[in-house]
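To start, the structure under review is shown below, and the notes come after it.
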Amino acid sequence: MTALAHVPTSAGEPAAAPRRSRSRLLPYLLLLPGAAWLLIFFALPLLQLAAASLYDPGGSLSTGYAMTWAFDNYPAALQAYWPHFVRSFAYSAIALVLALLMGYPLAYAIAQKAGRWKNLLLVAVVAPQFTSFLVRTLAWKTILSDNGALVGLLRDVHLLGPDGRLLATPFAVVLGLTYNFLPFLVLPLYASLERLDSRLLEAASDLYASPLRAFQKVTLPLSMPGLIAGTLLFFIPATGDYINAELLGTPNEYMIGNVIDSAFLVRLDYPQGAALSFLLMAAILAIVFGYLRKAGTEEVL
Amino acid sequence: MRTMGHETPAGDLRLANLTKRFGVFTAVDDLSLTVPQGSFFALLGASGCGKTTTLRMIAGLEEPTSGQVLLGDRDIAGLRPYKRPVNTVFQSYALFPHLDIHENVAFGLRRRGIRKVTDQVERMLALVQLEGYGRRKPAQLSGGQQQRVALARALINHPQVLLLDEPLGALDLKLRRQMQIELKRIQTEVGITFVHVTHDQEEAMTMADTVAVMNAGRIEQLGAPADLYEYPATAFVANFLGQSNLLAGEAAGRTGDDLPVTAHGARFSVPADRARVDHGPVFLGVRPEKLHLAADPGEVPAGHQHVGGVVTDASYVGVSTQYLVRTAWGSELSVFAANSGVGGRLAVGTPVTAHWDPRHAFVLPREPGEDDQTAPLLDEPPVGVPS
Ligand SMILES: Nc1ncnc2c1ncn2[C@@H]1O[C@H](COP(=O)(O)OP(=O)(O)OP(=O)(O)O)[C@@H](O)[C@H]1O
Ligand SMILES: [Mg+2]
């Protein structure tokens with residue numbers, strides 16, 4: 001482009017200037033549809049939600065809401081539902097640990113050891129996503145049900161008491177979360193581990209690193225981008241999830257998503273629902289930024 | 001600088017009947033050799049002949065199909081790579097992309113639990129002329145610089161055996177010479193056994209105590225550089241290490257101390273101790289620099305043997321002029337004439353007589369049906385060997 005502009009042809013000179021300014025505009029033009037989409041479907045609703053969170057808590061859908069800048073909505077919501085916040089983060093943290101324990105070896109095996117089975121295994125990871133989230137969770141409900149084979153077996157071998165159950169326990173909810181979000185962890189991890197050059201591991205072992213050390217000093221750091229992306233993709237939706245607690249748990253296992261759900265759809269308490277939504281968002285953002293700062297953002301952001 | 005005593009008793013590196021097959025393909029075929037402790041062993045061979053595979057089996061990165069790797073009296077073939085007192089400079093460098101240069105070089109020391117590494121690393125980086133590059137990542141270095149980091153990363157550990165897979169291939173000539181001198185110095189000072197794979201014949205010849213020429217998974221010949229050059233064992237070695245004029249002929253047993261050879265209707269003779277075989281099809285070999293040109297047969301010194309021909313090509317390469325001389329039967333001999341100022345240059349088309357001292361010729365086995373093998377004219381000067 002520049003080289004062209006400097007060719008001293010009298011005919012080329014005037015044409016060069018407009019063409020260059022058009023090309024400078026081009027990226028923005030290309031951004032326009034996406035930006036418009038985000039504005040209409042993300043920024044505006046967000047603003048609306050922010051406004052709703054400051055409405056007069058005394059109002060109702062029938063009487064209408066008045067904008068009273070009711071910042072008290074926030075401490076009030078937190079006061080009433082902090083156990084649900086704690087539970088949300090605790091459940092998704094436990095689920096994340098479980099998913100990591102299963103997902104890292106899985107991603108590693110697919111990326112480095114699977115050979116010609118690689119594609120088949122990847123399909124096996126992704127295939128469940130072809131059915132609806134709801135259907136999959138309902139399937140777990142059947143599997144874990146009190147008169148299902150699994151519970152029967154566990155009772156027979158006395159891992160569960162005679163009245164012991166799996167369904168409607170924290171265990172079932174955490175299990176559901178782990179299962180449902182596992183692919184979001186495995187796929188980015190796989191992408192990272194796939195790029196890992198096995199010759200680096202050979203070099204490490206040549207330089208006195210035992211397999212464990214080689215993992216710690218080479219594999220793990222090199223899979224960090226995938227690990228960070230995967231944990232975020234797992235943790236964020238898992239924390240806000242309400243389907244698993246709804247279908248596999250009882251109100252005792254309800255997470256903050258369930259509370260927000262009922263605030264908007266059952267109790268019709270819009271200000272509280274909006275305030276809880278913002279609190280959840282703020283908490284997740286805080287955790288994500290803290291995490292990224294610690295884990296090193298270079299590769300991800 | 002030697003901070004850690006290795007647990008193994010020192011000793012020679014021995015490969016015994018080492019074989020590696022990939023499926024039906026044999027990459028290394030029944031290889032046996034001994035590298036004395038503290039010596040410099042160079043492995044030469046065409047691309048794909050199994051050099052890297054051999055090194056990988058010594059390092060423990062490839063499991064031999066059969067055979068043993070012995071260090072001293074100990075068979076280390078069953079030892080995991082990280083337990084072997086062996087380090088490798090990889091052909092592909094394999095630097096850790098997430099670690100800076102300093103940490104790359106310190107990697108081996110740290111894994112052995114050495115805390116204070118900074119001084120050693122600095123010294124090592126200075127040695128490979130990379131002072132001040134410690135904080136960079138490998139991706140921020142040029143190919144040659146990366147190669148020197150790979151060298152430093154292996155060398156810093158002072159292993160018992162250092163495997164170098166074309167460690168200087170990416171360097172310019174001047175830097176390569178400097179690195180060769182440094183390597184040789186470290187090798188003699190610290191007494192590390194070096195197994196050095198290279199495509200640079202001159203490098204192999206000047207640095208190594210022993211050179212092995214590999215072909216298709218086997219060692220064709222092994223010995224001191226000058227011995228290999230002066231008296232090659234096979235046609236492959238004769239043409240892989242430097243160039244040779246090989247004339248197809250027949251031998252029918254020695255007469256006294258000489259072996260008469262008939263080639264292309266003429267009779268030649270070679271001292272019997274310069275013949276690898278004395279019956280059947282043979283090659284009569286003469287190095288191009290051992291051939292001399294004379295304007296007519298009368299000028300040929302007494303005792304020399306000669307063939308007549310016509311100069312078909314003359315290329316001037318500074319220290320010497322390379323001539324191609326076409327013989328009566330159509331083969332083109334190559335002749336290197338030193339540009340010492342004695343004698344003028346010969347024009348293309350001049351009839352000449354090429355002659356040589358029989359003590360510089362050699363006789364090699366030949367497969368029946370194989371024709372003359374005369375080196376194509378290369379743009380490289382011949383390998384200089386002190387003889
Ligand atoms: N993992 C493998 N599977 C199958 N064949 C292999 C494998 N590794 C090497 N080979 C084959 O073994 C032969 C020897 O390979 P090697 O890497 O030892 O060659 P090399 O002598 O180091 O060559 P170069 O000078 O090009 O580096 C080659 O023909 C190669 O194709
Ligand atoms: Mg190689």
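These values consider heavy atoms only, across backbone and side chains, with no hydrogens, waters or symmetry-generated copies.
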Quiz prompt | Candidates A:Ile243, A:Asn244, A:Leu280, A:Leu177 - the one meeting side chain to side chain contact (heavy atoms under 4.5 Å, CB included) with A:Met255 | solution = A:Leu177
Self-check item: B:Leu95 portion near chain A, given a 4.5 angstrom heavy-atom threshold
Solution: backbone
Quiz item: Could B:Lys137 and B:Asp100 be called an ion pair, given the rule that one side-chain N must be under 4.0 Å from one carboxylate O?
Solution: no
Self-check item: Ion pair B:Lys51/B:Glu166, N-O distance below 4.0 Å
Solution: no
Practice problem: Would you please indicate if the ring centroids of B:Phe40 and B:Phe194 are separated by under 6.0 Å? | Solution: yes
Quiz item: Distance under 6.0 Å and angle within 45° of the ring axis: does B:Arg111 meet both against B:Phe107?
Solution: yes
Practice problem: Establish, yes or no, whether the cationic atom of B:Arg153 lies under 6.0 Å from the six-membered ring centre of B:Phe96 and within 45° of the ring axis. | Solution: yes
Quiz prompt | chain A neighbours within residues 59-69 of chain B, where any heavy atom lies under 4.5 Å away | solution = B:Ala59, B:Leu61
Quiz item: Partners of B:His98 by ring-ring contact (aromatic ring centres under 6.0 Å, His included), sequence neighbours excluded?
Solution: none
Self-check item: Under 4.5 Å from a heavy atom of chain B, the part of A:Ala204 involved
Solution: both
Quiz item: Any residues in residues 97-109 of chain A near chain B, with a heavy-atom distance under 4.5 Å, and which are they?
Solution: none
Self-check item: Interface residues of residues 182-201 of chain A facing chain B - non-hydrogen atoms under 4.5 Å apart
Solution: A:Arg199, A:Leu200
Quiz item: Would you call B:Met214 and B:Asp29 a side-chain contact if the rule is heavy atoms closer than 4.5 Å?
Solution: no
Quiz item: Can you find a pair of side-chain heavy atoms, one from B:Leu141 and one from B:Val149, that are under 4.5 Å apart?
Solution: yes
Self-check item: Stepwise side chain to side chain contact (heavy atoms under 4.5 Å, CB included) check, B:Met179 with B:Gln129
Solution: CA-CA 9 Å; B:Met179 287 296 130; B:Gln129 303 183 11; 4.3 Å; yes
Quiz item: Do side-chain atoms of A:Ser205 reach the backbone of B:Pro81 as a donor and acceptor pair under 3.5 angstrom?
Solution: no
Would you say [X] has more than 12 foreign heavy atoms packed within less than 6.0 Å of its [atom1]?
X: A:Arg136; atom1: CZ; answer: yes
X: A:Phe215; atom1: CZ; answer: yes
X: B:Arg176; atom1: CZ; answer: yes

